[in-house]
Amino acid sequence: MTLSWRSYRDCPPSLQALAWPHLPSPPPHEAAPGPRRLLLPHHGTTSLDRYPMSSRYFTNATGWGEPLIYPSLSFVPGYANIDILDCCNGLLLCHNRTVAGAVCYVVCNPATEQWAAPALPDSVQAGNIFTARLVFDPALSPHFHVFEFVETDPDPEGGYVFVDGLEIYSSKTGEWIYRDSRWSDEATLCFDHDLSTVFLSGFLHVFAAERQDVLAVDIEGNTWRTIAVPHGNDDGFIGQSQGRLYYLNMLQEHDFKVTVFVLEDYSSGEWVFKHSVMASELFGMSSFDPIQYYRVIAFHLECHLVYLICFGF
């Protein structure tokens with residue numbers, strides 16, 4: 001069985017899409033004329049030859065036409081200084097640091113240009129936060145939650161952070177609650193830009209790179225779980241598609257080997273191998289240049305598609 005790919009070279013850096021066969025048709029109630037447009041996670045570029053030096057982009061994953069969402073987010077107060085931390089089911093979690101160093105969070109819907117007002121209050125552990133993630137599923141609740149990862153004993157040289165606990169904000173109550181971590185004391189997370197997370201079935205799932213685990217916690221912080229992944233490496237990535245949790249890793253030797261697994265049985269933690277392919281074969285090259293680097297950024301929510309950002313291609 002072979003995998004296919006598609007390149008979208010009109011956006012910097014190059015965006016690649018990896019697919020496997022048997023793509024499902026959308027349900028009748030979701031059918032619409034013309035191609036459907038997908039808002040991918042944002043990505044950014046930096047150049048000293050322009051102002052502003054740093055810019056962010058959204059990408060139309062169909063490969064043609066401009067995205068429906070403009071990345072400036074000009075409808076959000078103070079938009080010129082905000083950064084996007086996370087996205088979940090159509091909502092964006094943005095933040096801005098005040099002069100005093102505090103983090104101000106804003107949750108917004110870029111499609112409707114609405115944002116949650118006022119901005120989220122500070123949590124008790126606001127000065128010890130490694131990063132934050134947004135969880136939202138309109139099929140479960142109209143309310144969203146924000147998870148702050150409280151760090152202890154960061155290890156900048158190793159590129160990992162130890163998690164002491166979680167601050168959890170609920171838009172329903174308008175308050176933060178703190179929960180001590182019930183994951184292993186050795187559970188560590190990689191730095192923010194490489195941290196992959198998934199909100200699925202009421203649980204936030206986080207890929208813990210160093211120990212090759214998926215860490216899970218419910219929105220109340222009452223149930224904690226650790227799921228081991230197969231054939232792990234610290235370049236792993238988790239995502240969801242069709243309501244199931246997927247794990248992908250890319251082993252680099254003389255080539256990149258891309259391998260995809262799906263969590264077949266959530267209760268037992270059983271992963272099932274789906275596909276594996278060498279990058280040189282996938283992208284139609286006789287050999288693989290070591291300066292080329294790929295980073296997985298998203299799984300398609302409805303189809304068997306994986307999106308990758310390519311550097312040096």
Side-chain angles (χ1 to χ4, degrees), residues 30 39 41-42 69 73 75-79 82-98 102-151 163-183 187 189 192 195-207 214-227 238-240 242-245 266 298 301-302:
E30 295 185 358
L39 171 66
H42 69 287
I69 306 300
L73 304 180
F75 61 91
V76 178
Y79 70 92
I82 66 173
D83 293 319
I84 301 175
L85 280 179
D86 195 20
C87 59
C88 187
N89 287 317
L91 298 186
L92 298 179
L93 174 64
C94 307
H95 79 149
N96 182 20
R97 288 193 178 273
T98 66
V103 174
C104 177
Y105 294 110
V106 175
V107 175
C108 66
N109 185 329
T112 62
E113 298 192 350
Q114 295 176 317
W115 57 285
L120 277 61
D122 290 340
S123 65
V124 175
Q125 300 281 345
N128 301 313
I129 302 304
F130 157 56
T131 190
R133 287 296 183 266
L134 173 68
V135 300
F136 171 67
D137 187 346
L140 298 178
S141 170
H143 302 285
F144 65 82
H145 293 74
V146 175
F147 285 69
E148 285 187 330
F149 294 85
V150 181
E151 69 177 8
V163 178
D164 188 50
L166 295 173
E167 288 276 3
I168 305 174
Y169 174 83
S170 167
S171 64
K172 181 177 181 180
T173 65
E175 298 178 347
W176 292 89
I177 58 172
Y178 176 75
R179 295 287 188 264
D180 287 319
S181 173
R182 298 181 195 171
W183 295 319
L189 305 180
D192 187 27
L195 183 64
S196 64
T197 58
V198 170
F199 182 55
L200 181 65
S201 302
F203 281 77
L204 175 66
H205 301 79
V206 186
F207 180 61
V214 173
L215 308 177
V217 59
D218 74 330
I219 59 176
E220 301 295 337
N222 294 325
T223 304
W224 302 64
R225 187 178 176 193
T226 300
I227 307 171
I238 58 173
Q240 65 164 310
Q242 300 179 333
R244 304 173 78 183
L245 187 66
Y266 195 89
L301 293 178
E302 300 169 1

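Just so you know, these numbers come straight off a predicted model, no measurement behind them. Counting from 1, the numbers follow the sequence of the chain as shown.
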Please find the pair of heavy atoms, one from [X] and one from [Y], that lie closest to each other, and give the distance.
{"X": "Leu204", "Y": "Phe199", "value": "N-CD1, 3.9 Å"}
{"X": "Pro110", "Y": "Cys108", "value": "CD-O, 3.6 Å"}
{"X": "Pro121", "Y": "Gly174", "value": "CG-O, 4.0 Å"}
{"X": "Gln242", "Y": "Glu302", "value": "NE2-O, 2.8 Å"}
{"X": "Ile238", "Y": "His205", "value": "CD1-O, 3.6 Å"}

Side-chain donor-acceptor pairs of residues 137-147 under 3.5 Å, sequence neighbours excluded:
residue: Asp137; atom: OD1; partner: Ala139; partner atom: N; Å: 3.0
residue: Ser141; atom: OG; partner: His143; partner atom: N; Å: 3.1

Q | Arg225 NZ/CZ over Tyr266 ring centroid, <6.0 Å and within 45° of normal | A | yes
Between [atom1] of [X] and [atom2] of [Y], what distance do you get to the nearest 0.5 Å?
{"X": "Arg133", "Y": "Cys87", "atom1": "CZ", "atom2": "SG", "value": "9.5 Å"}
{"X": "Phe203", "Y": "Ile219", "atom1": "CZ", "atom2": "CD1", "value": "9.5 Å"}
{"X": "Asp122", "Y": "Cys104", "atom1": "CG", "atom2": "SG", "value": "8.0 Å"}
{"X": "Leu92", "Y": "Asp83", "atom1": "CG", "atom2": "CG", "value": "12.5 Å"}

Side chains of [X] and [Y] in contact at under 4.5 Å (non-hydrogen atoms):
{"X": "Asn222", "Y": "Arg179", "result": "yes"}
{"X": "Leu134", "Y": "Leu85", "result": "no"}
{"X": "Leu73", "Y": "Cys94", "result": "yes"}
{"X": "Val124", "Y": "Tyr178", "result": "no"}
{"X": "Thr131", "Y": "Leu195", "result": "yes"}

Q) Within the side chain of Glu148, is there an N or O that forms a donor-acceptor pair under 3.5 Å with the backbone of Leu166? A) no
Q.
Keeping Asp86 on the side-chain end and Leu93 on the backbone end, is there a donor-acceptor pair under 3.5 Å?
A. no
Q: State which residue, out of Ile227, Val206, Val198, Thr197, fulfils the side-chain contact (heavy atoms from CB on, under 4.5 Å) condition with Val214.
A: Ile227
Q) Which residue, Ile168, Thr223, Val135, forms the side-chain contact (heavy atoms from CB on, under 4.5 Å) with Asp218? A)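 Among Ile168, Thr223, Val135, the one that satisfies the side-chain contact (heavy atoms from CB on, under 4.5 Å) with Asp218 is Thr223.
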(Q) Please enumerate all residues that pass salt bridge (Lys or Arg N to Asp or Glu O under 4.0 Å) together with Arg244, with sequence neighbours excluded. (A) Glu264
Q: Could you give me the CA-CA distance, side-chain angles and deciding distance for Leu215 and Leu189, then say whether side-chain contact (heavy atoms from CB on, under 4.5 Å) is met?
A: CA-CA 10 Å; Leu215 308 177; Leu189 305 180; 4.1 Å; yes
Q.
Once you measure the plane-to-plane angle for Trp183 and Trp224, does it fall in the parallel (<30°), tilted (30-60°) or perpendicular (>60°) bin?
A. perpendicular
